[in-house]
Protein chains: 2
Amino acid sequence: MSAPPLSRKAQIDRTATALFRARGFAATSMRELATALGIEAGSLYSHIKSKEEILHRVCFALAEEFFVDFTRATADATLPVAQRLRAAVEAHVRVLTRDAAASAVFLHEWRHLSEPARTEFLALRDKYEAGFRHLVEQGVAQHELRTPDPAFAALTLLASLNWLPSWYRPGGKLGPNEIAHRLAEQLLYGLEVRS
Amino acid sequence: MSAPPLSRKAQIDRTATALFRARGFAATSMRELATALGIEAGSLYSHIKSKEEILHRVCFALAEEFFVDFTRATADATLPVAQRLRAAVEAHVRVLTRDAAASAVFLHEWRHLSEPARTEFLALRDKYEAGFRHLVEQGVAQHELRTPDPAFAALTLLASLNWLPSWYRPGGKLGPNEIAHRLAEQLLYGLEVRS
DNA sequence: CCTACCGATCGGTAGG
DNA sequence: CCTACCGATCGGTAGG
């Protein structure tokens, strides 16, 4: 159950992520980060190249996690679409709760990426949202879901989930699985056709 | 239909709000703001006292708008609770769409307020959220709504609405009223008891 | 990983 | 509303 010790670089990423979440990327100084790690500001640069490099790594690593877990959750195309959408929602919530600080940075600080990273990031996000949109569209086509506007519904669904990192703390009264289930229930029951 | 001309101070607030939304409060410099207004940085200070004063005014003015519109929308206690909640949702959406830039700042930049303003702001936000929570609780008590956790449901509901300013642009294919109606329909139909 | 430092930029002010 | 400027702080580097 014990994790391997973190490399210095990984420690920097983790501590920076927590600071970026709490104060925002622009308002976090490299001196604050260094102090939090117990070293001097200049020393950071033997492990990283720049402040933005940290943000880049955090944002793109989490994008990767979202894709991997979405793909695994929805892989079985023989299941009803509504069930696959439910699995995608629960997978999304589990990624969000697995590292809430990194998730918050992913959701809110990406705009401080400079070009071309910012455009690449937005393309990834669009592609991920398209995965949800396609599920909703298929669900509507097969009369498992109903909504006047699948794209609108998919965005609303994701937005409803993405507020979680600003709220979730590990060890709270609700565990990740229970949160995932409740959110899926509250958000999808209104979409699913009742028999 | 034409609005009265803006005072210089109001122009500063408006332009700053747009910049705060696009770049974030911390990453927006007073020199950028001055340039956007066609004046020099030092000149800003004959109209305002500080950068944070602008943020303070924007955040608290919008909080006031949310309270006023919520109160008006839910004033008639003789209506069914589900109907009052629906009116509150639509009122919330209309405030969000009335000034999407100010709404985005209200939602995401308040953490750059220094104390005691930050604590005051969070207290107002909690009070506003409590208004929604109480409606959900009443709805459950009167068997008009169903959810295992009214507080959780109320927060999810608001979060689902609050993603709108990052997405909404005036003059799009959906008007404010249609957006408000669709969101209420998608989010509440899953909560309301079907007869 | 530290010391010592760089040029740039920050929010804000004085005086007109 | 501008000019000229302030002390502080920023991200980052050189050399050890």
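Heavy atoms only: backbone and side chains are in, while hydrogens, waters and symmetry mates are out. Order of the sequence lines fixes the chain letters, A, B, ..., with proteins taken first and strands second; residue numbering starts at 1 for each chain. Just so we're clear, the structure is a prediction, and the values are computed from it rather than from any experiment.
Relative orientation of the B/F132 and B/F70 rings is tilted, given thresholds of 30° and 60° on the angle between their planes. Using the six-membered ring where Trp is involved, B/H108 and A/H108 have ring planes that are tilted, between 30° and 60° apart. A tilted orientation is assigned to the rings of B/F66 and B/Y128, their planes being inclined by 30° to 60°.
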Once pairs are restricted to Watson-Crick or G-U wobble with both distances under 3.5 Å, how does DNA chain D read as a dot-bracket string, [ ] for crossings and | for other-strand pairs?
||||||||||||||||
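Open room surrounds CZ on B/R14; 12 or fewer heavy atoms of other groups in view lie less than 6.0 Å from it.
Toward the 5′ end of DNA chain D lies the nearest nucleotide of B/R8, the other residue of the pair B/R31 and B/R8 mapping further downstream.
Within the 4.0 angstrom heavy-atom criterion, only backbone atoms of the sugar-phosphate kind lie near A/S29; the bases stay farther away.
Between the side chain of B/E90 and the backbone N or O of B/R94, no donor-acceptor pair lies under 3.5 Å. In terms of modelled atom types and a separation under 3.5 Å, the side chain of B/H134 and the main chain of B/A130 share a donor-acceptor contact.
Taking the six-membered ring for Trp and the full ring otherwise, the centers of A/F106 and A/F60 sit at least 6.0 Å from each other.
Under a cutoff of 6.0 Å and an axis angle of 45°, A/R125 and A/W110 form a cation-pi pair.
Of all nucleotides in DNA chain C, those with any atom nearer than 4.0 Å to a heavy atom of chain B start and finish, going 5' to 3', at C/dC10 to C/dT13.
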